[in-house]
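Counting convention: from 1, in listed order, for ligands and their atoms alike.
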Amino acid sequence: MDLLSIYAEVSKVNSIGSILSWDQNTYMPPGAAADRGAQMAYLSQISHRLITSEKVGKLLGELRKVELDPVKSAMVREIERLHRRKTAIPEDLEAEIAGLEPISTQAWVEAKKKDRFDIFSPHLTRMLELKKELAEKVGYPDVPYDALLEEYEPYTTTGQVREVLNRLGEELAPMVRKLADFKADNRMNMKWGKYAPEAQERIYTSILEDMGYDFGRGRLDSSEHPFTIGSNDDVRITTHYMLDDPRPALFSCIHEGGHALYEQGFHIRYKNTPMAEFCSLGIHESQSRLWENIIGRSIHFWKHYYPLLRGAFPGLSNMTLEHFHRSINTVKPSLIRVEADEVTYNLHIIIRFEIEIDMIEGKLSVKEIPQAWSDLYEKYLGIRPKTDSEGCLQDIHWAMGVFGYFPTYALGNLYSAQFYNAMKKQHPDIERLISEGDLRTALVWLRANIHEKGKLYPASELVKIVTGEHLNADHFIDYLKDKYGTLYNVYF
Ligand code: MG
């Protein structure tokens, strides 16, 4: 198919961009930043021209009249969606957003450092205008936010997200209040000792290998913020080592490992087609959260791995398995999203989702954001930030023009619980297997049901096929009630 050979070019250009971006975030000297920006802009121009070309439009028109098998038909559906979206966005609008991004990000860095929202607000105001314009150009079924959400969670509407997040918020807020009454017990204030990065790397590498991460097609490096990049035969992850606490790097390795297993798990014969790409960001995040939280923070997992961890780190010699397990599952309302536990985390997302919608719909002006932010933290978590740096300036997303991304983190949590529940139905003994160090059974199930499906189905259909149910918050809420009810000995 001619269309697939053009798409293969787009895909190759994008994968070159991934490697440049990996380099930028790991080893690139600072002096190369401007050149790298120009290289990335050039690549995105090539890929934009390829996908919006008249030839692609013509080929899509012809294919519409042909009967296709399900795989080809899914490929055409996805290429058509991308073609439609990219064609609808005028080149000068896209260029202005791309040009504003580094300036606005730089202003955000300074604003966060100096705790001065006014340094960032003019750039955010402009970015918001451009994104609203983009939403109008792209079009939407119901509200402008749909058009922005589509970039990250295609075929899912703002209304659907709102429905599940509303239910989640109603359940979580009282749960968090109840759990927060338990003062972190003294044992949690223990000194963690010292943890050499080399020793950490050694043990996290072996855990990643047990999970099934293929180091022959991947690698582990360190960077300021952990991330996963690449696809198929080149999928790289990073982590950030702390010298006085092994937990952050440990869990970011398991989290990024979950993302990486997904990217390594597509059918290689579909390489450079949409069938060897992730379904949606929510589904992507379900893979990282399932490994990090549902498996990685479970007592079953640590029954097997804690002796190994304690053997590697003398600093843990006085900590029992139960203490360690409690220390990785402490629920506490906090101001910073990226440091939040798995229960309160979703409230951070609900707050951002509400603010983003009001911004896009013009109900909230940029200068009103700090106040709205603090009020929502008070409402959902019972705490107020003292500064904007620990409030509305904490995340980079808006500076980069990324609106509609935050909800995918929460959707990932919901999908992860739905998938795990379906996995347990097929493997009722999965927890025993995990406690014996068998992580393969979980991976094989994920491969067959999610990874190998690529973009065959939209997320909403995938979850229906795999679990028999639509996207919902029930399984995640049950999972939290069960786990934290037992851990804290409370009844929800
Ligand atoms: Mg992630």
Side-chain angles (χ1 to χ4, degrees), residues 18 21-22 25-26 149 151-154 156 161 165 168 204 207-208 211-213 218-231 235-241 247-266 277-297 328 334 336-353 356 394-398 400 402-420 442-443 446 450-451 454 459 462-463 471 476 479:
S18 292
S21 164
W22 169 82
N25 289 292
T26 49
L149 184 66
E151 189 167 353
Y152 314 106
E153 200 64 24
T156 298
V161 174
L165 292 194
L168 193 57
Y204 308 158
I207 292 175
L208 284 162
M211 285 166 64
Y213 179 56
R219 47 181 294 133
L220 168 63
D221 292 271
S222 78
S223 64
E224 185 57 32
H225 300 286
F227 63 89
T228 302
I229 208 157
S231 210
V235 185
R236 307 176 185 202
I237 62 174
T238 68
T239 190
H240 185 80
Y241 299 106
R247 295 170 297 174
L250 166 63
F251 286 101
S252 74
C253 279
I254 301 177
H255 179 99
E256 302 307 331
H259 281 304
L261 289 176
Y262 187 19
E263 291 285 346
Q264 286 187 336
F266 305 129
E277 288 173 7
F278 65 91
C279 172
S280 76
L281 277 182
I283 298 295
H284 221 313
E285 195 68 9
S286 77
Q287 299 307 292
S288 56
R289 304 272 166 154
L290 194 150
W291 283 103
E292 180 199 346
N293 292 333
I294 299 182
I295 295 180
R297 291 182 199 270
I328 56 172
S334 64
I336 307 296
R337 175 184 62 89
V338 295
E339 293 165 10
D341 58 83
E342 64 178 328
V343 184
T344 57
Y345 187 90
N346 301 284
L347 295 171
H348 293 258
I349 298 306
I350 289 169
I351 290 166
R352 284 153 180 78
F353 177 65
E356 279 191 345
Q394 66 182 272
D395 296 309
I396 195 172
H397 301 60
W398 296 339
M400 294 174 68
V402 173
F403 295 88
Y405 192 114
F406 283 124
T408 69
Y409 295 124
L411 296 184
N413 282 325
L414 305 187
Y415 284 134
S416 72
Q418 289 189 261
F419 290 148
Y420 189 66
L443 178 63
L446 293 170
I450 293 147
H451 303 178
L462 179 71
V463 72
L471 166 67
F476 183 67
Y479 154 74

| Which single N/O/S atom of His259 lies at minimum distance from the Mg ion (ligand 1)? | NE2

| Between Ile295 and Ala442, which heavy-atom pair has the shortest distance, and what is it? | CD1-CB, 4.1 Å

| said: Nearest N/O/S atom of His255 with respect to the Mg ion (ligand 1), by atom name, please. | reply: NE2

| query | Under 4.0 Å between a Lys/Arg side-chain N and an Asp/Glu carboxylate O for Arg352 and Glu356? | reply | no

| request: Among Ser280, Ser416, Cys279, find the residue that satisfies the side chain to side chain contact (heavy atoms under 4.5 Å, CB included) test when tested with Ser286. | output: Ser416

| request: Measure the acute angle between the ring planes of Tyr262 and His451, then classify it against the limits of 30° and 60° as parallel, tilted or perpendicular. | output: tilted

| said: Any N/O/S atom from Glu285 (main chain or side chain) under 2.8 Å of the Mg ion (ligand 1)? | reply: yes

